[in-house]
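Sequential numbering from 1 along the given sequence is applied to the chain's residues.
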Amino acid sequence: MSTILQTTDSENQVYALEITCPLGLENVLEKELHSEGLTNTRFGEGQVKLTTDLEGMYKACLWSRVATRVMLPIANFKIDSADDLYDAVKAIPWSDHMSATNTIAIDCHGTNHHIRNTQFGAVRAKDAIADYFVALSGERPSVEKNQPDVRIALRIKREVVTVSIDLSGESMHRRGYRQQGSMAPLKENLAAGLLLRAGWGKDCGLTQLIDPMCGSGTFLVEAAMMSLDIAPGLGRHYWGFKGWKQHDHRMWQQLMDFAKNRKRNAEELGLRFQGTDRDQRAIAASRESIKRAGMVGIIDVSMTPFQEHEFDINQEKPGLVICNPPYGERIGDEMALIALYRQLGEWVVSNVRGWQFMMLTSNDHLARQIPVRPEKSTRVINGGIECRAYIFPLLQGSIKEDVVAQSVMTPGAQMFANRLQKNAKKMKKWVEKNKIQCYRVYDADMPEYAVAIDVYNDWPTFKSIKRQKVLIQKKPSSVCLK
């Protein structure tokens, strides 16, 4: 039995949308929709369902910073064979949504006993749509994988198939300011969702934001767009609804014009956005993103280690520090990163007490190097890696003062940590290329630290040069550099 979910009989059409988002940010998306007056919602895993009219649909596309896609389900049915899929898709009144002259693309997600691979499912659906229009007018739509007029999605879950129109057309994290193939894996909508989770937003009371490891500057640009009330969809030229038959060009243009007039002045708001990174490519990418987003003069980035940079901080006003530091894939990386995370923790405690600090990482042990009790954490997926975004309130009672007092490194210890980090970074490509399992990362390079540090199958060992005694660290996650 096939159920048609959307019809065009009503003059004031109401649409039941499925708005997808990064896992863990469903309630952030729902709150964001409510702020735009879109309150008829309920959320599930990785999505929020919204019932609204055409104007509300456009607002969700134009203003949602957290959404990944805006989907319009048009049919739902059960299948017992591949022929059932063909028949049910062909029975959908496609002429309500598109014309035979439109180009289409079909994305199929999921399989079952009858549809054993997604490509087969997409081909069967394409054949059904083509045959529908041939029977209707003798013409058939052509396939265009890159920016088609209408993008169609099939979701197969066990015996149930849902067919949707992808109104966004492509992932909404693509704002248009970041060049394709950028080095940063952090997507714009994930960055925006984490900023909102950390308390940043328009009229949030925070006027200072620092990213000490800014990469391509995604946190900085997204935060500035929020504060200046710039719609994230303004920079996008391609939308899936533009080829959809029920698209109202005049209404969309009016909403676009209104959004352009909502932009606020950065100088009047007294905002400060600052970022640093020690990687030249990262800073070049961030400056390009800042330029393309129209944020030159609003966001300041510098190719400097955060430990050495003199940030312009107003101690009388609260702010937010947010960053996505490296996680460390091998034990050699983790040994070097422990020092970095400790330096980061010491820096925020020493420089921005009273602020909020959010950090995204996949490594719980590294997160524990921050000498602050986290208020809460949010599980998210970043670049296919399961991570947690920790919120650390830099307030008395949350800061572990005893740990801070003990963790201050002597100049010599800091030099040792820097040397170990440098050695690990230098050897990383060689180790990975040659599939080396046992190697020495430090060999008494500094006389005052006369030890040898070897890595055996991801287990570090420490050998005192004087005593010739080997200590095997059985728990790599507890390696410390002090």
Please step through side-chain hydrogen bond (donor to acceptor under 3.5 Å, both in side chains) for the pair Y58 and Q254, ending with a clear verdict. CA-CA 11 Å; Y58 288 145; Q254 287 175 341; over 6 Å; no
Decide yes or no for [X] and [Y]: does some side-chain heavy atom of the first lie under 4.5 Å from some side-chain heavy atom of the second?
{"X": "L186", "Y": "L360", "answer": "yes"}
{"X": "H309", "Y": "I210", "answer": "no"}
{"X": "I152", "Y": "D166", "answer": "no"}
{"X": "I104", "Y": "E144", "answer": "no"}
{"X": "C214", "Y": "T276", "answer": "no"}
{"X": "L29", "Y": "T41", "answer": "no"}
{"X": "L344", "Y": "Q369", "answer": "no"}
{"X": "T68", "Y": "N189", "answer": "yes"}

Taking [X] for the side chain and [Y] for the main chain, is one N or O donor matched with an acceptor at less than 3.5 Å?
{"X": "T103", "Y": "D149", "result": "yes"}
{"X": "E26", "Y": "G24", "result": "yes"}
{"X": "S168", "Y": "S171", "result": "no"}
{"X": "N261", "Y": "D257", "result": "yes"}
{"X": "Q208", "Y": "N314", "result": "yes"}
{"X": "E32", "Y": "R65", "result": "yes"}
{"X": "D277", "Y": "G215", "result": "yes"}
{"X": "N434", "Y": "I436", "result": "no"}

[Y]/[X] salt bridge by N-O under 4.0 Å criterion:
{"X": "R379", "Y": "E386", "value": "yes"}
{"X": "K145", "Y": "E170", "value": "no"}
{"X": "D203", "Y": "R264", "value": "yes"}
{"X": "R178", "Y": "E188", "value": "yes"}
{"X": "R272", "Y": "D312", "value": "yes"}
{"X": "R342", "Y": "E346", "value": "no"}
{"X": "R69", "Y": "E18", "value": "no"}

Do [X] and [Y] pair up side chain to side chain, a donor and an acceptor below 3.5 Å, judged on atom types alone?
{"X": "S35", "Y": "W63", "answer": "no"}
{"X": "T118", "Y": "H109", "answer": "no"}
{"X": "T20", "Y": "Q47", "answer": "no"}
{"X": "E375", "Y": "S398", "answer": "no"}
{"X": "N363", "Y": "T361", "answer": "no"}
{"X": "N27", "Y": "R197", "answer": "yes"}
{"X": "N423", "Y": "D445", "answer": "yes"}
{"X": "N40", "Y": "T52", "answer": "no"}

Cation over ring face, R236 and W239, 6.0 Å, 45°: yes
Taking the six-membered ring of W244 as reference, does the cationic atom of R151 (NZ for Lys, CZ for Arg) lie under 6.0 Å from its centre and within 45° of its axis? no
Return yes when atom [atom1] of [X] has more than 12 non-hydrogen atoms of other residues, nucleotides or ligands closer than 6.0 Å, and no otherwise.
{"X": "Q315", "atom1": "CD", "answer": "yes"}
{"X": "Y238", "atom1": "OH", "answer": "yes"}
{"X": "R278", "atom1": "CZ", "answer": "no"}
{"X": "Q396", "atom1": "CD", "answer": "no"}

Can you classify the ring geometry of F392 versus Y390 as parallel (below 30°), tilted (30 to 60°) or perpendicular (above 60°)? parallel
Working to the nearest 0.5 angstrom, can you tell me the gap between [X] [atom1] and [Y] [atom2]?
{"X": "R155", "Y": "D107", "atom1": "CZ", "atom2": "CG", "answer": "13.0 Å"}
{"X": "N351", "Y": "I313", "atom1": "CG", "atom2": "CD1", "answer": "5.5 Å"}
{"X": "L320", "Y": "T207", "atom1": "CG", "atom2": "OG1", "answer": "11.5 Å"}
{"X": "E267", "Y": "L271", "atom1": "CD", "atom2": "CG", "answer": "10.5 Å"}
{"X": "F219", "Y": "S286", "atom1": "CZ", "atom2": "OG", "answer": "14.0 Å"}
{"X": "R368", "Y": "I370", "atom1": "CZ", "atom2": "CD1", "answer": "12.0 Å"}

Side chain to side chain contact (heavy atoms under 4.5 Å, CB included) partner of L167, chosen from I19, V150, L17: L17
Can you give me the closest heavy-atom contact between [X] and [Y], atom names plus distance?
{"X": "Y177", "Y": "T218", "answer": "OH-CG2, 3.9 Å"}
{"X": "S227", "Y": "L269", "answer": "O-CD1, 3.7 Å"}
{"X": "A122", "Y": "C108", "answer": "N-CB, 3.9 Å"}
{"X": "C61", "Y": "M172", "answer": "O-CE, 3.3 Å"}
{"X": "I299", "Y": "L220", "answer": "CD1-O, 3.6 Å"}
{"X": "L206", "Y": "G199", "answer": "CD1-O, 4.0 Å"}

Does the side-chain contact (heavy atoms from CB on, under 4.5 Å) test come out yes or no for D300 and F273, once each step is laid out? CA-CA 6 Å; D300 178 59; F273 302 93; over 6 Å; no
Might you work through the side-chain contact (heavy atoms from CB on, under 4.5 Å) test for W252 and L62, ending with a clear yes or no? CA-CA 9 Å; W252 171 249; L62 182 59; 4.0 Å; yes
Derivation and outcome, side-chain contact (heavy atoms from CB on, under 4.5 Å), residues Y327 and N382: CA-CA 11 Å; Y327 309 151; N382 178 30; 3.0 Å; yes
The single option from R262, K202, K31 passing salt bridge (Lys or Arg N to Asp or Glu O under 4.0 Å) against E36: R262
Set out, in order, the CA-CA distance, both residues' side-chain angles and the distance that settles side-chain contact (heavy atoms from CB on, under 4.5 Å) for V455 and V431, then state yes or no. CA-CA 11 Å; V455 176; V431 168; over 6 Å; no
Is the ring centre of F357 less than 6.0 Å from the ring centre of W347? no
